[in-house]
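Comments concern the structure below.
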Amino acid sequence: MSLSIDRKLPEELLDHVISLTSRETLLKLCLTSKTLNRLATPYLYATISLRETDHLPALAYLIFTSPTHAALIKSFNVSETWAKIEEQFTEWSWPRPEDPALQSVLREKCAEYTSNEDEADGMYQKIESGANEDAVLALLLASLPKLRRLNINFGICNGHADFVALWPRIVNGIRSSNNAAVASSTSLTTETARTALSVPIDIMSTGSESKYPNDPVHFAMFMHLPNLRSIYGWRLGDAETVPDPESNPFAQLSPRSCPVEYIELRASKLHEDNFSYLLGTTIPGKLKSFSYEVGCTWAWCTVEHSKIMTSLVSHHSTLETLGLSHEYYYPYEPDDMINKPYPCSFTAFTALKRLKVAPVYVWGHRGFTEKASLVNAETKEMLWNALPKSLEELWISRALHQEFRDDASVRFVPDCLLPALDLVVQNKSQAFPKLEHLRIELPPMVWQDEWFDTLASLCRIAAANGIQTTVILFDMLDRWSKTRSRAAMGLEPRR
């Protein structure tokens, strides 16, 4: 009798082949033989994508009752289809609801993350039917001990109230149990080492692509995690009103409690109080990289450069990477005295290696939008005077003039930006001895031909001084992925 393929080939080779197969093939392999099931199951569960939530209770019950399966999940993706307002409580239920063991499993899981019977009973009431997706998902995520990546979309106009209410309690329960385990034993056991949320995790918290901002409360919740390594937020925005300290989730963050190393906020706008709370929960020396791209214009809160810089003071001697920019749509208005977009200096960041910065942070709003400022020699020197000696890479973002009026005489790029970059290159040896890389992000359809000639010359001079230059082109396509033309952008007359 001929042997089956799983008995003919070495397991190492089978494992490699299985690792290259699709998810559909993995599912079939699990049903083929015991050997292939054992080899394929870890790959099948390594990444879970929750596109529809009709199987959420069944998945959660498997995780609650099988630590082996729970430990296999390394990455979890949640689309915005979960717990929508009109479907907050679905018709889905736990598998085998008549099983008497179900109630015991759910109550034990609730007790695991609460400090008393009342809290445990309240949590149990939310998950008892299996229909509350907010509550079920919160407990499910907390039960994945090896989870390293979470990509979760909260949608728009959906507060996910039960998730928001339960998540901090669950995390605090995990912190308490971890501390108790450490206090009761000088050496961690194998079971203790597998405590929920025990490995560094990277989180992407997003919402719908809309002109309206997504609620940043969901971003704040994950700052409670004791093992957060990095977090990314997109299109998050606060309301104009001052947040209530008693109900504001940012205000409930414990100072210097989050070990996060990398924070990136894209096309977002946080209220200055929430921004301060966010930076206040980070730990100097732990936070390595912080990037803030101001955007989401329908978030009506203010953004003051001075408040941003003040919130970063505690990281002056340890932060290695800093990004301060804005989305393509310029977020400030002419003569904007509310947001106060003043010039910033980065010389206090003594450990800073990489800086990505938009012109408004270097020159302020008036400094690069008014002709009177551009003609001053001091204006051209503002860039190199604002940079720290430790800098290894400088990235100029949004390298263009922001138009507010039809005034062709205001030429920021040729009259200020390029001369300012030339001064950076010239002063490298004495001011920035470690500078090795210069990145310039520009819209080629807006730049004029002679500007590129000047840039090419600048690149050659930079190379002679040991600086590699990278030109990054953006705004080449419109929202329908069609190539833009200069005429379509109003830069040339149509023929």
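The figures that follow rest on heavy atoms only: side chains count, while hydrogens, waters and symmetry mates do not.
Geometric assessment of Arg439 against the ring of Trp395 yields a positive cation-pi assignment under the 6.0 Å and 45° thresholds.
Residues Arg411 and Trp451 have side chains in contact (heavy-atom distance under 4.5 Å, counting atoms from C-beta outward). The closest side-chain heavy-atom distance from Leu417 to Trp363 is below 4.5 Å. In this structure, Leu473 and Trp447 have side chains that are not in contact, with every pair of non-hydrogen atoms separated by 4.5 Å or more. In this structure, Leu144 and Leu150 have side chains that are not in contact, with every pair of non-hydrogen atoms separated by 4.5 Å or more. Met221 is listed as a side-chain neighbour of Phe163, based on a closest heavy-atom distance under 4.5 Å. The shortest side-chain heavy-atom distance between Thr282 and Phe290 does not fall under the 4.5 Å cut-off. Counting only heavy atoms from C-beta outward, the side chains of Val136 and Glu133 never approach each other to under 4.5 Å. Here the side chains of Leu278 and Leu265 are in contact, with some heavy-atom distance below 4.5 Å.
Nearest heavy atoms, Glu381 versus Leu423: CG-CD1, 3.9 Å. Scanning all heavy atoms of the two residues, the minimum distance from Gly237 to Pro216 falls at O-CD, 3.3 Å. Here the closest heavy-atom approach between residue Ser205 and residue Leu236 is recorded as O-CD2, 4.4 Å. The two residues Ala142 and Ile170 make their nearest non-hydrogen contact at CB-CG2, 3.3 Å. Taking every heavy atom of both residues into account, Leu400 and Val413 meet most closely at CA-CG2, 3.9 Å. When all heavy atoms of Ala386 and Cys344 are compared, the pair lying nearest together is CB-O, 3.8 Å.
Using cut-offs of 30° and 60° for the angle between ring planes, the Phe349 and Phe346 rings count as tilted. Taking the six-membered ring where tryptophan is involved, the planes of His160 and Phe154 are perpendicular, since the angle between them exceeds 60° and thus also 30°. Between Tyr361 and His305, the angle of the ring planes stays under 30°, which puts this pair in the parallel group of the 30/60° scheme.
Remark: the Ser49 side chain and the Arg23 side chain contain no N/O donor-acceptor pair separated by less than 3.5 Å.
Judged by distance alone, the side chain of Asn376 and the main-chain N or O of Glu378 form no donor-acceptor pair under 3.5 Å. A donor-acceptor pair under 3.5 Å is formed between the side chain of Thr318 and the backbone N or O of Gly285. Judged purely by atom type and a 3.5 angstrom limit, Ser390 uses its side chain to pair as donor or acceptor with the backbone of Thr350. Formation of a donor-acceptor pair under 3.5 Å by the Ser311 side chain with backbone atoms of Lys307 is found in this model. No donor-acceptor pair under 3.5 Å is formed between the side chain of Thr379 and the backbone N or O of Val375. Although no hydrogens or angles enter the test, the distance criterion places no donor-acceptor pair under 3.5 Å between the side chain of Asn248 and the main chain of Asp244.
If you take NZ on Lys211 and CZ on Arg235, they are separated by 11.0 Å, rounding to the nearest 0.5 Å. We find the OG-CD1 distance between Ser230 and Ile263 to be 9.5 Å, quoted to the nearest 0.5 Å. How far OG of Ser143 is from CD1 of Ile174: 8.0 Å, rounded to the nearest 0.5 Å. If you take CG on Leu319 and OG on Ser289, they are separated by 7.0 Å, rounding to the nearest 0.5 Å. Annotation: the span from Ile48 atom CD1 to Asn77 atom CG amounts to 9.5 Å, rounded to 0.5 Å. Expressed to the nearest 0.5 Å, how far CH2 of Trp167 lies from CG of Leu141 amounts to 5.0 Å.
Tyr332 has its ring centre no less than 6.0 Å from the ring centre of Phe368.
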Decide side chain to side chain contact (heavy atoms under 4.5 Å, CB included) for Leu137 and Phe76; before the verdict, give the C-alpha distance in whole Å, the side-chain angles of both, and the deciding distance to 0.1 Å.
-> CA-CA 11 Å; Leu137 185 62; Phe76 205 100; 4.2 Å; yes

Could you give me the CA-CA distance, side-chain angles and deciding distance for Ile231 and Phe219, then say whether side chain to side chain contact (heavy atoms under 4.5 Å, CB included) is met?
-> CA-CA 8 Å; Ile231 185 167; Phe219 187 91; 3.5 Å; yes

Side chain to side chain contact (heavy atoms under 4.5 Å, CB included) evaluation trace for Leu458 with Val425 | CA-CA 8 Å; Leu458 174 65; Val425 172; 3.9 Å; yes

Going through the distances and angles, do Leu270 and Ser268 end up as a side chain to side chain contact (heavy atoms under 4.5 Å, CB included)?
-> CA-CA 7 Å; Leu270 296 184; Ser268 298; 5.6 Å; no

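With respect to Glu441 and Arg398, a salt bridge is recorded, a charged nitrogen being found less than 4.0 Å from a carboxylate O. Under the 4.0 Å criterion applied to side-chain N and carboxylate O atoms, Glu261 and Lys288 are assigned as salt-bridge partners. With respect to the salt-bridge test (charged N to carboxylate O, under 4.0 angstrom), the residues Glu327 and Lys269 do not qualify.
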Distance-only donor-acceptor hits, side chain of residues 428-437, under 3.5 Å, sequence neighbours excluded:
from   : atom 1 : to     : atom 2 : distance (Å)
Lys428 : NZ     : Leu435 : O      : 3.3
Lys428 : NZ     : Asn465 : O      : 2.9
Gln430 : NE2    : Asn427 : OD1    : 3.2
His437 : NE2    : Thr470 : OG1    : 2.7

